[in-house]
Each structure stands twice: as C-alpha cells, then as structure tokens.
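Single-structure report; data block below.
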Amino acid sequence: MNEEIFEQRINLEDLNKAMFNLQSEIKKVIVGQDDMVRLIMVALLANGHVLIEGVPGVAKTLTARLVSKCLKTGFSRIQFTPDLMPSDVLGTNIFNPGTGLFEFKHGPVFSNIVLIDEINRAPAKTQAALFEVMQEQQVTMDGITHIMQNPFMVIATQNPIEQEGTYRLPEAQLDRFLFKIIVPYPNEAQEVSMLQRFHHFTEDNVLNIVEPVISDAQVVHLRQLIKHIVVEEKLIHFIVKIAVATRNDKAIYLGASPRATLAILNAAKAYAALSGRDFVIPDDIIYIARPVLRHRIILAPEKEMEGINEDEVIEKIIHSIEVPR
C-alpha cells in the first residue's frame, strides 16, 4: 500500500540525465559555486530569468557563457553601458529603398540564451526596454508584435550597487527575475584548485572544453514536465504565508508581490524535479525562498542602517511560520 502511495507518477529519467550532463559539463570549468550552478539549472527548468551579483572576477559571465555553450540553442551577449539605447537591445525599423517599406531589424535580444553583462551600468530608459521581453517574451515595435524564440532566458550579471558607475535597477524589472544569485569569493581550497586546473588554459580554450548536451526542443519538453510536479494544498498555503509575512513585517518597507508567490511555486517544482522527486516538499520551498525574495523586498531604512540584509530578514520570517508536515 505504501509503495503505491509513493510510486513515481512522472518519469523524470530524461530530465535527471539532461541536468546531470549539463552540470557535468559546467563543472569541467567552474570550481565551487555549487549554489549558482544549481539555481541556474532550476531557472532553466522553471522558464525564469536570473540576475547574478558579485564582485568582478568570480566567474559570473563565464558561467553564463558555459550554460549557453552546453545548450544547442542560440546565444547572444549584450554589454550594457551608460550610452546604450533601447534600439541597441531590441532592434529598430530600417527603411528599405528597394521596397519602399520599413523593415524591422532584430536586436541582439532576439536569441534563446541572452547574456546581459553588467546590467546595472545602463540607465533607466534602456532598463525599461527589457520589461516586455522578459515578462511576455515578445517585443512590440511601432504596433507590431515580434515573438521571441522558445526557449528564451535572460542571464544578467551585475556588480554590487555601491560600486562606482552603476544604476539601481527599477523594482519592476527586478521583479521579472526569478532569482537573484549572490556569488561569493571562492574559499582557499577552491581557488587553489582553480589555479591548478587553468594555468595552461586561456578563456577560449576553457570554453572549448564543454560540449552541447541539451537541445532547445529538450528544454521545452523538460519545462512541460515541470508543470506536472505535484504540490499539496498545505504547501501552497505555506508559500502564501511567507509572501504575506513579508508585507506585514516591520523590518520590510516593500513586501513581495503575488508574482513572487508564483515564482516560489514554479521554482520549487523545478528544484523538486532536479532532486529526483515528482512532488514538492517544504525544504524545496525553504531553499528557494531566499533567491526568489531577496531582490523583491525593500528593507526599512532603519534596518539597512543597522547592517541587516534581506537574507537575514527572510530567514527570520520563514522560521516564524509553522512548516507543514
């Protein structure tokens, strides 16, 4: 009887094999940073975008390039700068003298995996150009809608806000990222391992180590599987309680939006599948909550002055809610 209750309802063999191959290829190059790699894979399965934050030199851009190299899909890279215009990202209508008509020339955002390097170096006008394409996966230009290729994923990197020459991202744009991933420095052993591995390689050689292991059609198929992962009613209430608590906590000036609850739900399902389960458990939600919420809440000014960060507040909120059993 018990064996029937816990029998696997969804065949996750293809998903687990694909994600294992992807992780193995990335690990040929990246030393440590397990959380970053794991969360990027979760976002890929959950059809979400990721924002990777860390000081220069901690493999943010390299990891994004490796992910794209491991997928048999289109890839483009956009370097954000203070003088970048929306048309440099989205594209523009160009007059064709031969036909006497304006034709839309696609910008670099029209690809499958789009790496936006140093996203916080462009001003608000250019940031706003990403709103529609990140949320609806389409670009509207002069009343005509251009649909993005499927799959579509933005991997953005940024230096910490307090670094010189950066702009704070608008809250509406931050809300469109599934995760904000904080990348720490490697520990001493990891850095030694990195030097031992790469002292004979250039960056181009490093990228040639990895091979494409997943096609775009596979990504689309795996995303469909995620939709069927089982989530019990009590876990849905648990997710909502976490979000509501952020709106009522005195330490938080702006709480999480309903989009955040959807993000936790979808990411928890993807993380469960990545863990080999066709059902979500409370630990999936607890693990996912921090990277989903840390960029969606704004702390009260007095808490920022006290040196408290978003992760600490989220941790306190989660521990204050009874975990369903």
Side-chain angles (χ1 to χ4, degrees), residues 5-6 8-10 12 15-16 19 23 32-54 174-184 223 225-300 303 308-325:
I5 292 174
F6 294 104
Q8 195 86 354
R9 289 152 290 197
I10 303 170
L12 297 175
L15 184 147
N16 292 330
M19 291 298 105
Q23 186 177 36
Q33 308 297 9
D34 293 337
D35 257 1
M36 173 173 63
V37 174
R38 187 182 301 114
L39 289 172
I40 289 175
M41 291 194 298
V42 170
L44 180 67
L45 292 173
N47 194 14
H49 312 294
V50 296
L51 175 63
I52 308 175
E53 180 178 290
L174 286 171
D175 206 28
R176 283 162 168 77
F177 284 103
L178 179 66
F179 295 139
K180 179 181 178 181
I181 304 171
I182 305 295
V183 185
R223 286 177 172 180
L225 280 181
I226 297 301
K227 295 178 181 179
H228 300 290
I229 298 296
V230 177
V231 186
E232 292 185 13
E233 186 78 18
K234 59 186 179 182
L235 294 181
I236 292 177
H237 286 282
F238 183 48
I239 293 170
V240 173
K241 284 179 181 177
I242 293 172
V244 170
T246 67
R247 301 166 197 164
N248 298 325
D249 195 295
K250 292 181 179 179
I252 298 176
Y253 172 71
L254 179 67
S257 70
R259 188 185 282 138
T261 57
L262 288 170
I264 294 175
L265 176 66
N266 292 332
K269 290 164 70 174
Y271 184 63
L274 194 63
S275 304
R277 284 178 278 101
D278 66 351
F279 58 93
V280 172
I281 62 175
D283 285 349
D284 298 331
I285 295 167
I286 292 169
Y287 174 75
I288 288 299
R290 281 188 296 276
V292 168
L293 295 176
R294 62 166 60 115
H295 57 296
R296 288 182 162 94
I297 63 173
I298 299 177
L299 297 183
K303 295 300 176 182
I308 295 174
N309 64 39
E310 291 84 359
D311 282 8
E312 291 170 342
V313 175
I314 294 166
E315 190 78 27
K316 186 193 74 165
I317 286 173
I318 291 172
H319 284 302
S320 71
I321 300 171
E322 183 180 356
V323 178
R325 300 297 178 192

TODO: Could you note down all residue pairs passing side chain to side chain donor-acceptor pair (under 3.5 Å) where residues 260-273 supplies at least one of them, sequence neighbours left out?
DONE: none

Task: Close side-chain approach of Val323 to Ile286, heavy-atom, < 4.5 Å - done: yes

Open item on the list: Is there a side-chain contact between Leu265 and Val280 in this structure, where contact means two heavy atoms from C-beta onward sitting under 4.5 Å apart?
Closed with: no

Open item on the list: Test your reading of the model: is there a side-chain donor-acceptor pair from Arg223 to the backbone of Leu44, 3.5 Å cut-off?
Closed with: yes

Task: Check: Val244 and Arg247 side chains under 4.5 Å, non-hydrogen atoms - done: yes

Task: Met41 and Leu274, any side-chain heavy atoms less than 4.5 Å apart - done: yes

Open item on the list: Do Leu39 and Val50 have side chains that approach each other closer than 4.5 Å (heavy atoms only, starting at C-beta)?
Closed with: no

Open item on the list: Please find the pair of heavy atoms, one from Ile297 and one from Ala256, that lie closest to each other, and give the distance.
Closed with: CG2-N, 4.0 Å

Open item on the list: What I'd like to find out is whether the side chain of Asn47 reaches to under 4.5 Å of the side chain of Ile226, using heavy atoms alone.
Closed with: no

Task: Whether Arg290 side chain and Ile314 backbone form a donor-acceptor pair below 3.5 Å - done: no

Task: Note, Glu310 side chain near His295 side chain (heavy atom, < 4.5 Å) - done: no

TODO: Compare every heavy atom of Phe238 with every heavy atom of Pro282, then report the nearest pair and how far apart it is.
DONE: O-CE2, 4.3 Å

Open item on the list: Can a donor-acceptor pair be found, under 3.5 Å and without considering hydrogens, that links the side chain of Ser275 to the backbone of Arg277?
Closed with: no

Task: Contact check, side chains of Phe177 and Ile52, non-hydrogen atoms, under 4.5 Å - done: no

Open item on the list: Exactly one of Val37, Ile40, Asp35 should register a side chain to side chain contact (heavy atoms under 4.5 Å, CB included) with Ile181. Which one does?
Closed with: Ile40

Task: Polar side-chain atom of Lys303 near backbone of Ile252 as donor-acceptor pair, under 3.5 Å - done: no

TODO: Say whether, by atom type as modelled, one donor and one acceptor occur between the side chain of Gln33 and the main chain of Pro184 under 3.5 angstrom.
DONE: yes

